[in-house]
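To keep things clear, I will list the structure first and then write my remarks on it.
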Amino acid sequence: MRFKPTKSRSLVLKRGKVTEKYLFSLGTIKILSLTEAPVKSLGKVFNRSLKDAASIQATNEDLETWLSSVDKSGLPGKFRAWIYQHGILPRILWPLLVYEVPISTVEGFEMRISRFLRSIALYGHNNKLKLPFSSLSEEFMVSRSRELLQYRESSDPRVALGGIEVRTGRKWRAAEAVDIAVSKLQQRVIVGTVAQGRAGLGSSRTPSYNKAQGKEKRSLILEEVQIVQLRQQGAWTRWEQAVERKVTWNELWKAEPHCCPKALAQGRYRWRHDQVLKAVADSICSRISYNKSTCPVKNKVKFIKAGEKLAVPFRNTSPGLLATAHDWELGVDLAKQLKFPEVVAKTTLRPDIVVTSVASKQVILLELTVPWEDRMEEAHERKRAKYSELVEECRSNGWRARCQPIEVGCRGFAGQSLCRAYKMLGIVGANQRRAIKLATNAAEAASRWLWIKRGEEWHVG
């Protein structure tokens with residue numbers, strides 16, 4: 001190896017302080033000190049202070065410059081979000097990895113990024129809304145935990161047993177986070193495989209921590225660190241009744257940020273409600289038409305030979321209410337006021353959807369609400385109480401009545417009540433997923449249109 005004095009630096013410490021009394025040279029070539037010429041290696045700057053405070057401040061200024069430049073570019077929000085995810089985030093993560101940055105400083109960076117992405121308030125992979133963005137704090141925790149695992153699992157025993165500490169401040173420590181994740185994984189091994197949902201044991205392969213090695217083992221630990229350490233963000237923590245939704249970049253390109261900063265009058269909320277109601281009614285109408293076109297299977301007498309056993313045929317235990325009759329009539333409160341069938345009950349209430357079968361004397365009431373996602377449960381209870389007396393009156397008249405309030409959030413989240421209503425009617429599987437997507441897309445598109453037209457006079461058509 002050849003020694004190059006022009007690429008070398010010197011630093012002399014006397015009693016804990018930097019001194020410039022001593023100079024070094026190689027032949028006739030002087031070796032510069034870190035005071036005269038700081039050096040940068042692998043993205044980390046070394047100067048006479050031997051501290052990272054100045055470098056962290058420079059990183060903060062770089063982040064502010066990048067965000068300001070993108071914000072002033074005039075690009076739509078979705079393009080700014082893409083630049084953040086694929087341009088700014090990778091560049092800011094490396095300084096956070098090479099310098100000793102506390103988690104509190106990273107959270108300050110993240111607050112600045114949240115203000116920059118003011119049109120996109122939710123991000124992460126463990127939230128109710130799964131957007132294709134990454135949280136800076138989450139990525140920082142994973143990166144520092146990965147660094148610690150690399151030290152611990154190093155093939156060099158001097159590194160693995162050297163007790164190298166990854167410093168991240170007092171608020172969050174990488175060593176504690178990794179130890180907690182490992183203990184949870186070990187506890188999961190003791191518990192064993194458990195059933196999740198309707199799937200039976202062994203229906204899905206879950207990697208076991210005690211059998212994992214190398215990269216697979218580190219991945220399990222890092223995933224557990226994300227689950228344990230990720231703090232919940234924003235109002236989505238109150239969306240208990242909303243179904244999880246994953247948004248991809250392709251879907252994001254077709255959308256614009258939508259939110260209403262003021263109460264909209266002139267029938268705008270009703271218009272959005274009707275757009276979602278049309279989507280729900282179309283799905284129900286398609287199912288009714290399908291059931292009417294399906295001929296009922298006639299019961300046939302099957303003879304069995306002596307000594308043989310009758311094979312019990314498989315029966316669908318939940319065909320849905322729409323399969324119990326073939327004379328269903330659908331009424332929807334659109335265009336003109338819906339009048340509740342007088343043959344069932346006399347009332348001035350107008351449910352959004354009324355499905356009746358005279359032959360089987362059944363009536364189904366559906367009442368749609370398009371609220372904020374954190375008010376779904378409140379809207380559900382309010383609408384159920386509103387139609388409780390009407391349901392009792394229908395039953396007293398000899399009808400089998402059911403009332404199911406349904407909710408679709410104004411930001412495109414389907415309430416669990418919508419899933420229950422479709423299942424009750426017999427819309428299940430792929431048909432149910434398709435129907436839910438139609439309703440959520442209608443709500444999102446309507447909210448987006450209200451945002452675009454927020455400054456214009458509204459004329460109902």
Check the pair Leu149, Leu222 against side chain to side chain contact (heavy atoms under 4.5 Å, CB included), reporting the backbone distance first and the verdict last.
CA-CA 9 Å; Leu149 290 175; Leu222 295 177; 4.1 Å; yes
Look at Asp352 together with Lys386 and state whether they make a salt bridge at an N to O cut-off of under 4.0 Å.
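Here Asp352 does not pair with Lys386 in a salt bridge, since their nearest N and O are not under 4.0 Å apart.
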Sidechain N-carboxylate O distance under 4.0 Å for Lys184, Glu224:
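So Lys184 does not pair with Glu224 through a salt bridge.
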Could you tell me if Arg411 and Ser447 have a donor-acceptor pair between their side chains, going purely by distance under 3.5 Å?
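Looking only at side-chain atoms, Arg411 and Ser447 do not form any donor-acceptor pair under 3.5 Å.
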By side-chain contact (heavy atoms from CB on, under 4.5 Å) - contacts of [X] (at least two apart):
X	value
Arg433	Ala430
Glu165	Arg167
Pro102	Ser104, Thr105
Pro95	Thr59, Tyr99

State the [atom1]-[atom2] distance between [X] and [Y], to the nearest 0.5 angstrom.
X	Y	atom1	atom2	answer
Ser145	Gln150	OG	CD	11.0 Å
Ser417	His380	OG	NE2	6.0 Å
Asp333	Leu366	CG	CG	12.5 Å
Tyr387	Glu367	OH	CD	3.5 Å
Leu67	Tyr84	CG	OH	9.0 Å
Asp282	Leu330	CG	CG	9.0 Å

Could you list the residues that satisfy side-chain hydrogen bond (donor to acceptor under 3.5 Å, both in side chains) with [X], not counting sequence neighbours?
X	value
Asp327	Ser357
Lys339	Glu342
Asn431	Arg434
Glu100	none

Determine whether Gln432 and Ile436 satisfy the following criterion, side chain to side chain contact (heavy atoms under 4.5 Å, CB included), listing intermediate values before the conclusion.
CA-CA 6 Å; Gln432 182 184 112; Ile436 291 175; 3.9 Å; yes
Closest approach of [X] and [Y], non-hydrogen atoms and distance?
X	Y	result
Ala379	Glu407	C-OE2, 4.2 Å
Met376	Phe413	CE-O, 3.3 Å
Arg272	Ala446	CG-CB, 3.5 Å
Ala439	Val276	O-CG1, 4.1 Å
Ala177	Val225	O-CG2, 4.0 Å
Val408	Thr440	CG1-CA, 4.3 Å

Hey, mind stepping through Glu393 and Thr347 against side-chain hydrogen bond (donor to acceptor under 3.5 Å, both in side chains) and telling me if it holds?
CA-CA 9 Å; Glu393 183 179 354; Thr347 180; 5.6 Å; no
How far apart are the C-alpha atoms of Gln226 and Met141, what are their side-chain angles, what is the distance that settles it, and do they pass the side chain to side chain contact (heavy atoms under 4.5 Å, CB included) test?
CA-CA 8 Å; Gln226 283 183 298; Met141 293 178 181; over 6 Å; no
In the structure I gave you, are the side-chain heavy atoms of [X] and [Y] within less than 4.5 Å of one another anywhere?
X	Y	answer
Leu89	Leu136	yes
Ile88	Val70	yes
Ser143	Leu96	no
Trp449	Trp271	yes
Tyr422	Ile406	no
Gln362	Thr356	no
Thr168	Phe140	yes
Ile83	Trp66	no

Walk me through it: do Arg402 and Leu321 pass the test side chain to side chain contact (heavy atoms under 4.5 Å, CB included)?
CA-CA 10 Å; Arg402 297 174 179 84; Leu321 294 178; 3.5 Å; yes
Could you work out, with salt bridge (Lys or Arg N to Asp or Glu O under 4.0 Å) as the rule, every residue matching [X], not counting sequence neighbours?
X	value
Arg112	Glu64
Arg400	none
Glu381	none
Asp179	Arg152

Donor-acceptor pair, side chain of [X] and main chain of [Y], under 3.5 angstrom:
X	Y	answer
His273	Thr369	no
Ser68	Thr65	no
Asn441	Lys437	yes
Lys292	Trp328	yes

Exactly one candidate in Glu147, Glu223, Glu153 meets salt bridge (charged side-chain N to carboxylate O under 4.0 Å, His left out) with Arg218; the answer is Glu153
Report, as yes or no, whether the 6.0 Å neighbourhood of atom NZ on Lys44 holds more than 12 heavy atoms from other residues, nucleotides or ligands.
yes
Residue pair Asp274, Lys278: steps toward the salt bridge (Lys or Arg N to Asp or Glu O under 4.0 Å) verdict
CA-CA 6 Å; Asp274 290 347; Lys278 288 178 185 178; over 6 Å; no
